[in-house]
S.K.: 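Encoded as structure tokens, here's the structure I'll be asking about.
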Number of protein chains: 2
Amino acid sequence: MPGPRWRGNFKERGHRMTGPRDAILDVVNKKQGHLTADDIFFEVRKSYPGIGIATIYRTLDLFVRMGLVNKFDFGGGKSRYEFTSKEKHHHHLVCKNCGRVVDYDSFLDEETELIKKIEAELNRKHDFKIDSHQLDFYGLCKSCQREVK
Amino acid sequence: MPGPRWRGNFKERGHRMTGPRDAILDVVNKKQGHLTADDIFFEVRKSYPGIGIATIYRTLDLFVRMGLVNKFDFGGGKSRYEFTSKEKHHHHLVCKNCGRVVDYDSFLDEETELIKKIEAELNRKHDFKIDSHQLDFYGLCKSCQREVK
DNA sequence: GTATGTGCAAACTTTTTGCTTTTTG
DNA sequence: CAAAAAGCAAAAAGTTTGCACATAC
């Protein structure tokens, strides 16, 4: 049962709203936070049991192209997907041991200003059309600080 | 023929300096810049023909643990390796279409200052022991700006 | 000589693709 | 009904692992 919320958005771009797409959108919308394709597959099967993993990948790819979802790669061999929130821009704090990812949004004003300057410079110097950036910190989370040496 | 340069470094840590390790070190040292395991494999085979891809992976992993090499993930499904240079810290500008990666080091002073502040805050707030960060910009390079829409 | 490292091939994991059937508009 | 999407299974692509043989110290 395709929800009404995104219908227009899809139609405009020549895509169809379908059961699987609605179910996937629902999951990334509710369970936001760095989900792997498999996380999403697992979760979506609860509301849409017949779905296949290929549909998960194809749909996430579509959502990324539509700007509904952001795709990240923190290392570890799996891509991570996150609903494109209308809320505050944020970055990530990644534990190198357990892979846990924490969002943060400190000093965003200063950051935004600096990022703007860098973007302008890079645009000019390297002729890149920049549309996004990613600032991630890597380290060990509280519990992994003991375990690992 | 294992070079003398890194011998001590290896011995200290209970590792042995071997032909393959020397050859790999040589390649990442000379051809610096975001190499994939396969790039390195291809290159190393010129000076050490019998080498296997497994050795490349195992050795790069060792080098990462030893701090000789940094491992990155820009998306695209391949890990990238870069010699841990004593030179200026830098970040990356990644083309989302062709995967080309350009280094940049603009505004590093301002950046360093900001990064320090954020690190301190994150350390305190989330109890993470941060040891590195990565700031990457994504966009389309000159030639891909036409090709892709 | 013994522990460590290597090569090879097989295994694993994540992601993609081909093709037939199903569904949407 | 025609075009787009889904399901399934097979294939790719990248990386890891097991094991017998080779090498460093």
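To find a chain, count down the sequence lines: A is the first, B the second, and so on, and within it residues start at 1.
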S.K.: Check the orientation of B:H92 and B:F72. Use parallel for under 30°, tilted for 30 to 60°, and perpendicular for over 60°.
M.R.: perpendicular
S.K.: In whole angstroms, how far is the P atom of C:dG7 from the CZ atom of B:R21?
M.R.: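 These atoms are roughly 11 Å apart.
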S.K.: Please find the pair of heavy atoms, one from B:L135 and one from B:H91, that lie closest to each other, and give the distance.
M.R.: O-CB, 2.9 Å
S.K.: For A:I53 and D:dG7, what is the distance between atoms CD1 and P respectively, to the nearest whole Å?
M.R.: 11 Å
S.K.: In this structure, how many angstroms lie between the C1' atom of C:dG7 and the CZ atom of B:F41, rounded?
M.R.: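 In whole Å, C:dG7 C1' and B:F41 CZ are 10 Å from each other.
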S.K.: Is the distance from OP1 or OP2 of C:dT6 to the nearest side-chain N or O of B:T18 less than 4.0 Å?
M.R.: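 It does, given that an N or O in the side chain of B:T18 lies less than 4.0 Å from OP1 or OP2 of C:dT6.
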S.K.: Can you tell me the distance, in whole Å, between the CG atom of A:D39 and the P atom of C:dT14?
M.R.: 10 Å
S.K.: Between D:dA3 and A:R16, counting only base atoms on the nucleotide and side-chain atoms on the residue, is there a donor-acceptor pair under 3.5 Å?
M.R.: yes
S.K.: Looking only at side-chain atoms of B:T55, point me to the closest of C:dT16, C:dG7, C:dG25.
M.R.: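 From the listed options, C:dG7 comes nearest.
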S.K.: Just N and O in the side chain of B:H15: are any of them under 4.0 Å from OP1 or OP2 of C:dT4?
M.R.: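 Answer no for this pair, as no side-chain N or O of B:H15 is under 4.0 Å from OP1 or OP2.
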S.K.: State which of C:dT15, C:dC8, D:dC25 makes the closest approach to the side chain of A:A37.
M.R.: C:dT15
S.K.: Considering every strand shown, what is the Watson-Crick or G-U wobble mate of D:dG14 when both distances are under 3.5 Å?
M.R.: C:dC12
S.K.: Of the candidate nucleotides C:dG7, D:dT16, C:dG5, which contains the atom at the shortest distance from the side chain of B:Y48?
M.R.: C:dG7
S.K.: Could you tell me the separation between the CD1 atom of B:I40 and the P atom of D:dT15, rounded to a whole number of Å?
M.R.: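 Going from CD1 in B:I40 over to P in D:dT15 covers 10 Å.
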S.K.: Please determine whether any donor N or O and acceptor N or O are separated by less than 3.5 Å between the side chain of A:R58 and the base of D:dA5.
M.R.: no
S.K.: Return the value, rounded to whole Å, for the distance between atom CE of B:M17 and atom P of D:dA24.
M.R.: 12 Å
S.K.: Taking only the side-chain nitrogens and oxygens of B:S79, find out if one of them lies under 4.0 Å from OP1 or OP2 of D:dT15.
M.R.: yes
S.K.: When the aromatic ring centroids of B:F63 and B:Y81 are compared, is their separation below 6.0 Å?
M.R.: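 That pair fails the under 6.0 Å test.
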S.K.: Is it true that B:K96 and A:D131 have a side-chain N and a carboxylate O under 4.0 angstrom from each other?
M.R.: yes
S.K.: Base, sugar-phosphate, or nothing for B:T36, non-hydrogen atoms under 4.0 angstrom?
M.R.: nothing
S.K.: Measure from OH on B:Y57 to C1' on C:dT6 and round the result to the nearest Å.
M.R.: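 Going from OH in B:Y57 over to C1' in C:dT6 covers 17 Å.
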S.K.: For A:K71 and C:dT14, what is the distance between atoms NZ and C1' respectively, to the nearest whole Å?
M.R.: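 A:K71 atom NZ is separated from C:dT14 atom C1' by 11 Å.
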S.K.: Nearest 0.5 angstrom please: A:K117 NZ to B:E111 CD, how far?
M.R.: 11.5 Å
S.K.: Would you mind telling me which residue lines up with the more 5' stretch of DNA chain C, B:I56 or A:D38, judged by nearest nucleotide?
M.R.: B:I56
